[in-house]
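Accompanying notes for the structure given below.
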Protein chains: 2
Amino acid sequence: MTEATRRERLRAETEREIRQAARALLVESGRDAVTLRAIARKLGITAPALYRYYDSHDALLRQLCDDICADMAAALYADLAADTSGQVGCKVRAVCHAFRRWALAHPQEFALVFASPRDPLGADQFGSVFLQLAGPLIASNEDANHVHEEVPAVLHEDLVRFQQVLRDAVAEHGVTLADEVLNLGKIYHVVQSWVRLYGHVALEVFGRFPFAVSNPEPMFDSMLDQMLSDIGFDEG
Amino acid sequence: MTEATRRERLRAETEREIRQAARALLVESGRDAVTLRAIARKLGITAPALYRYYDSHDALLRQLCDDICADMAAALYADLAADTSGQVGCKVRAVCHAFRRWALAHPQEFALVFASPRDPLGADQFGSVFLQLAGPLIASNEDANHVHEEVPAVLHEDLVRFQQVLRDAVAEHGVTLADEVLNLGKIYHVVQSWVRLYGHVALEVFGRFPFAVSNPEPMFDSMLDQMLSDIGFDEG
DNA sequence: CGGTTTCAGTGAACGGTGTTTACAAGAGTT
DNA sequence: AACTCTTGTAAACACCGTTCACTGAAACCG
């Protein structure tokens, strides 16, 4: 049984409906359609009532971003779990494909979360998703630590910091990483992989490839091949 | 002297002021601040007057996108011309740096043009900029055609089409390209370079790197090094 | 020159938006 | 039963895109 009082249950229910309505409006008609009055209309209430739940329209949009990130994370985890091959390379590939698939299926959400020149947005949420996914995957790839190139010294400071962030993320899963498996060269390639992954997906979602690509999926696959090879995963 | 009548001159002047006001609003306060009424206020006229110049708010935004693309193109050309080293690799590097610098200096414009899930937007404008820049640069790099890797057969169709687009773009400059210098492997790397260039710049502008990068420029430089090496330019 | 057309700009209006305020009415508490 | 806390309302304000009837001056023409 729920410990919450009747009022608390009703409030939670209304808040859920608000988020749901906001999400539906975003998906159906884009960011500009996520209007306090439109949301209220969907719930059969008036706009000012929403101020009992959110301080402003902006705050509601921020919440929407967090919800989107959480949903995306769930989708990525699901696709990751669906990959039953023991191979780590396959898992990485599965997650990357899931990210592309999610972005193409949710262009409005993608644009809101990943392409707004705003301060925090869903930054925290997303960062954790990336770390939760990338960290353990890299960690589990112990046998492919032959990547040991030198990276420019100027990058060391940032890469060491990211190394620590990754180590902490993995530690929450109860795994400890050796410097050998998580060397700076690999860290660098992880960042570069995120650049390419994001670049391809954003270009595809926003239609900004320099020419019409009839079927971008093979190009994405080809890019993944090189990414995985760069990062030190065996082909497969 | 101008052939235009007095009325035509005044109209052109007003139109220029409209674009200028719209641009200022975008830069100062973001996309949502580019309002017909706010523009009119800046010109000392009323909002409906703007309908004598643009069919709708949307049409005005589209024009704004075109203006931004044109300005960016001018900035890139200027930075390209400023590079007096004869080396093609240096020119490519200069243009890439110019693109990053422009994006960081104009985040709102970048977001509007490059990160909206809309149909054409400034697509034509931008595409031409990319082609005008990339085509001649690749063409002039005749001695570095040692890149001749195999690309997946599924990509051939698209790459051949892009090859033709590039060839046409270069032809307008009076240069004819041999298949040897513009082979599919190189074409593929050009596309991949655009993915990485766009990915890095967008991530930096939108603050979506998975960790705080204290000084992204060296990372950008490092990426350029690999890009140029992939594409077949000599180090320099 | 006088008459007519063209056209940039106005003011009022409509329905939409975020937000604030004062107020009502029910739920929970004592 | 009396009181408080919470959730909603209605009205209002200022802003938005857009339309429409209208004005006044510039441009054109006989």
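Residue numbering restarts at 1 for every chain, and letters A, B, ... go by the order of the sequence lines. Computed from a predicted structure; not experimentally measured.
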message: Tell me whether the count of non-hydrogen atoms from other residues, nucleotides or ligands lying under 6.0 Å of CG in Asp32(B) goes above 12.
response: yes
task: Kindly indicate whether the side chain of Arg16(A), heavy atoms from C-beta on, has any atom under 4.5 Å from the side chain of Gln20(A).
output: yes
message: How many whole angstroms separate atom CZ of Arg37(A) from atom C1' of dC16(D)?
response: 12 Å
- prompt: Going through the distances and angles, do His200(A) and Phe99(A) end up as a ring pair (Phe, Tyr, Trp, His ring centres under 6.0 Å)?
  reply: CA-CA 11 Å; His200(A) 178 106; Phe99(A) 179 63; over 10 Å; no
- prompt: Hey, which of these two, Thr35(A) or Asp55(A), hits DNA chain C nearer its 5' end, going by closest nucleotide?
  reply: Thr35(A)
field: Short side-chain to backbone donor-acceptor contact, Thr14(A) and Leu10(A), under 3.5 Å
entry: yes
field: Pair His97(B)-Asp221(B), side-chain donor/acceptor within less than 3.5 Å
entry: yes
message: Ring of Tyr198(B), cation from Arg208(A) - is the NZ or CZ under 6.0 Å from the centre and inside 45° of the axis?
response: no
message: Rounded to whole Å, how long is the line connecting atom CZ of Arg11(A) with atom P of dT6(D)?
response: 9 Å
task: Starting from P on dG17(D), measure out to CG on Asp32(B) and report it in whole angstrom.
output: 11 Å
field: Contact state string [nucleotides 20-30 of chain D, B base, S sugar-phosphate only, - no protein heavy atom under 4.0 Å]
entry: B-----BS---
Side-chain touch Gln163(A)/Phe211(B), heavy atoms, less than 4.5 angstrom: no
statement: Outer limits of DNA chain C sitting under 4.0 Å from a non-hydrogen atom of chain B, read 5' to 3', are dT6(C) to dA13(C)
- request: Mind calculating the distance between CZ (Arg9(A)) and P (dT7(D)) to the nearest angstrom?
  value: 14 Å
message: Distance check needed: dT6(D) C1' versus Leu50(A) CG, whole Å only.
response: 15 Å
field: Rounded distance in Å - CG (Leu36(B)) to C1' (dT19(D))
entry: 13 Å
query: Can you check the Ile45(A) CD1 to dT6(D) P distance for me, whole Å?
result: 18 Å
- request: Pick base, sugar-phosphate or nothing for Tyr53(B), based on heavy-atom distances below 4.0 Å to the nucleic acid.
  value: sugar-phosphate
query: Taking the inter-plane angle between the rings of Phe114(B) and Trp102(B) on a 0 to 90° scale, is it parallel (under 30°), tilted (30 to 60°) or perpendicular (over 60°)?
result: perpendicular
task: Inspect the contact between Asp230(A) and Arg196(A) and indicate whether a charged nitrogen and a carboxylate oxygen are less than 4.0 angstrom apart.
output: yes
- line: In whole angstroms, the gap separating P of dG17(D) from CG of Leu60(B) amounts to 10 Å
